[in-house]
Amino acid sequence: MAGTADYGLGPFTYPRGWFMVAEADEVTSVPSAVRYFGQDLVLYRGASGRAYMVDAYCPHMGAHLARNTTSYVIHDKIQVEGESIRCPYHAWRFGADGKCNQIPYSPAPIPAAARLRTWTLQERYGCIFAWHDSEGGAPDFDLPAIPEWDDPAYVHWKIDQLGMLPCHPQEIVDNLADVSHLGPTHGGPPEYFSNIIDGIEARQYQGAYHRALAPGFMLETDTFYTGPGILLSYFNGGGAVMYIAHTPVDDGSLKAWHGLLVNSGKPAAGDDDIPMARAQQAGSLAALAQDFEVWANKRACIQPLAVPGDGAFSRVRLWYRQFYNPRAEAAKIQALANGTYGVRGMPATRQIAS
Ligand code: FES
Ligand SMILES: [Fe+2]
């Protein structure tokens, strides 16, 4: 399994940015165990409804906060109190800021080291996102805005959990530049294609007549990463919005999710539009499954054997490096990566017939 160092991405094993860590529905007052960024973590929801992610292991003696079903702390349903979470072993309680705020049996002052690391979370689009930063800094960019989420014309996605992939996220990110797989893998050789890199965003424009779609119907997509782990793709100017999120689990493995927001074509979508939206999402998932099968079985591609006609992999990889390097280096890397990149022998934009 190739890791970040093999790809030469930078000094940090895991990238800086926003990452999906759960569907919103999965986070409840019963703490759950997750693993991301090489760490065991726990998600729970406080009485206010706010979601929290904390270290899994208690600083007292190392008990796992969520992997317990038999302690009386669990039995008596006192594990989550207000916004605090209690350890099942000796019942130390930790507040929303991660600091221990009660040791039930000890009269002594609570030691400063009695604290859990807490993560910055946002709950949006039916998902929970965590900010990861090896330098411990606050977010320096936001989640992508999806105005369609609040537009009643759209049917919300029902997230597909794609599970674990035993490959480095670099292999997924490469797909943004991968013009030459679109025909062979997906049956949609593009008529035009370009990548545009700008700061924390990396974009792909393309349009293709697909084998499986109606004759003469060109599927045009505007697909972009906002940071390293969240991809949106607008189909034909907003007919649907595809969402793919991927989050490192360990160095060289990841978890992924997919969804599709679908425009009903009406001012307000109703329940009767849901089957159509689910069918479209299933079609989108089937296309993603064509990539997934490759990713699940390929060896690592440390250095593509590039030929003319391949996309701008080196530029997209350069863009991706900014997230594995100190924040102070990001502007320098962006300046090198920014630009518009076409493909030899192919128009960069749609050619309008005269
Ligand atoms: S190990 Fe958590 S309270 Fe003792
Ligand atoms: Fe693909």
Side-chain angles (χ1 to χ4, degrees), residues 1-21 34-40 132-134 160-186 193 195 197 200 202-204 206 223-231 233 244-258 285 287-326 329-330 333-334 336-337 341 343:
M1 201 159 65
T4 293
D6 298 303
Y7 292 88
L9 286 162
F12 302 139
T13 304
Y14 300 104
R16 177 178 65 258
W18 288 103
F19 293 92
M20 181 166 174
V21 291
V34 292
R35 183 174 175 82
Y36 296 110
F37 316 112
Q39 296 169 59
D40 290 315
H132 175 264
D133 183 351
S134 298
D160 297 306
Q161 299 199 3
L162 306 178
M164 290 268 293
L165 260 182
C167 71
H168 192 279
Q170 176 67 79
E171 304 280 342
I172 315 297
V173 171
D174 278 346
N175 204 38
L176 195 76
D178 197 347
V179 58
S180 55
H181 90 297
L182 293 170
T185 301
H186 299 295
F193 187 98
N195 287 119
I197 296 176
I200 57 131
R203 192 170 226 104
Q204 175 204 82
Q206 68 90 39
T223 304
F224 56 94
Y225 275 98
T226 305
I230 300 170
L231 179 108
S233 183
I244 301 173
H246 65 78
T247 305
V249 173
D250 283 296
D251 188 15
S253 65
L254 59 89
K255 230 174 136 176
W257 299 262
H258 165 264
L285 180 62
L288 179 58
Q290 292 169 319
D291 292 309
F292 234 71
E293 188 175 20
V294 174
W295 294 331
N297 295 291
K298 76 192 298 298
R299 68 155 169 79
C301 175
I302 302 301
Q303 178 68 53
L305 177 57
V307 296
D310 278 335
F313 290 108
S314 61
R315 294 297 177 158
V316 169
R317 286 192 169 197
L318 179 58
W319 167 82
Y320 191 48
R321 285 175 59 99
Q322 68 180 290
F323 306 110
Y324 290 85
N325 277 273
E329 307 282 316
I333 298 171
Q334 289 171 4
L336 293 170
Y341 306 101
V343 181

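For the numbers below, each heavy atom of this structure counts, side chains included, while hydrogens, waters and symmetry mates do not. For clarity, every value in this text was computed on a predicted model and none was experimentally measured.
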task: Could you pull out all residues at least two apart from T13 that satisfy side chain to side chain contact (heavy atoms under 4.5 Å, CB included)?
output: T4, D251

message: A side-chain contact here means heavy atoms from C-beta on lying under 4.5 Å apart; do T247 and F37 qualify?
response: yes

- prompt: Where do L288 and I244 land on the side-chain contact (heavy atoms from CB on, under 4.5 Å) test, with the steps shown first?
  reply: CA-CA 9 Å; L288 179 58; I244 301 173; 3.8 Å; yes

- line: Separation between CZ (R16) and NE2 (H132), nearest 0.5 Å, reads 10.5 Å

Nearest non-hydrogen partners of V34 and V21, listed with the distance: CG1-O, 4.4 Å

Minimum heavy-atom distance P166-A296, with the two atoms named: CG-O, 4.1 Å

query: Where is the tightest heavy-atom contact between Y341 and I197, given as atom of each residue plus distance?
result: CE1-CD1, 4.0 Å

query: Pick from I172, V173, D178: which one makes a side chain to side chain contact (heavy atoms under 4.5 Å, CB included) with N175?
result: D178

- request: Indicate the ring-plane relationship of W257 and Y36, choosing parallel, tilted or perpendicular according to the 30° and 60° boundaries.
  value: tilted

query: When rounded to the nearest 0.5 angstrom, what is the spacing between CZ in F224 and CD1 in I230?
result: 11.0 Å

- prompt: Say you draw a straight line from CG of D160 to CG of L285; how long is it, rounded to the nearest 0.5 Å?
  reply: 4.5 Å

query: Should F193 and L182 count as side-chain neighbours, where that means a heavy-atom distance under 4.5 Å?
result: yes

field: Flag, side chain of N195 to backbone of L176, donor-acceptor distance under 3.5 Å
entry: yes

- prompt: How close do A300 and A2 get, heavy atom to heavy atom, and via which atoms?
  reply: CB-CB, 3.5 Å

- prompt: What heavy-atom pair brings S233 and T223 nearest, and what distance separates the two atoms?
  reply: OG-OG1, 2.7 Å

- request: Examine distances only and state if a side-chain atom of R321 and a backbone atom of G8 form a donor-acceptor pair shorter than 3.5 Å.
  value: yes

- request: Kindly compute the distance separating NE2 (H258) from CG (L231), expressed to the nearest 0.5 Å.
  value: 10.0 Å

field: Check: Q170 main-chain N/O paired with R317 side-chain donor or acceptor under 3.5 Å
entry: no

Min side-chain heavy-atom separation D291-H181 under 4.5 Å: yes

Counterpart residues, side chain to side chain contact (heavy atoms under 4.5 Å, CB included), relative to P11 (two or more places apart): N325, P326

- prompt: Under 30°, 30 to 60°, or over 60°: which ring-plane class applies to H168 and Y320, parallel, tilted or perpendicular?
  reply: perpendicular

field: Distance-minimising heavy-atom pair for I200 and W319
entry: O-CZ2, 3.1 Å

query: Do the side chain of E171 and the main chain of C301 share a donor and acceptor less than 3.5 angstrom apart?
result: yes

message: I'd like to check E329 versus Q322 (side-chain heavy atoms, cut-off strictly below 4.5 Å). Are they in contact?
response: no

- prompt: Looking at NZ of K255 and CZ of R35, how far apart are the two atoms once the value is rounded to the nearest 0.5 Å?
  reply: 12.0 Å

- request: May I ask you to check whether F19 and Y14 place their ring centers less than 6.0 Å from one another?
  value: no

query: Say you draw a straight line from CH2 of W18 to CG of D133; how long is it, rounded to the nearest 0.5 Å?
result: 11.0 Å

message: Within the 4.5 Å heavy-atom criterion, are Y324 and Y7 side-chain neighbours or not?
response: no

Sub-4.5 Å side-chain heavy-atom contact between M164 and S253: yes

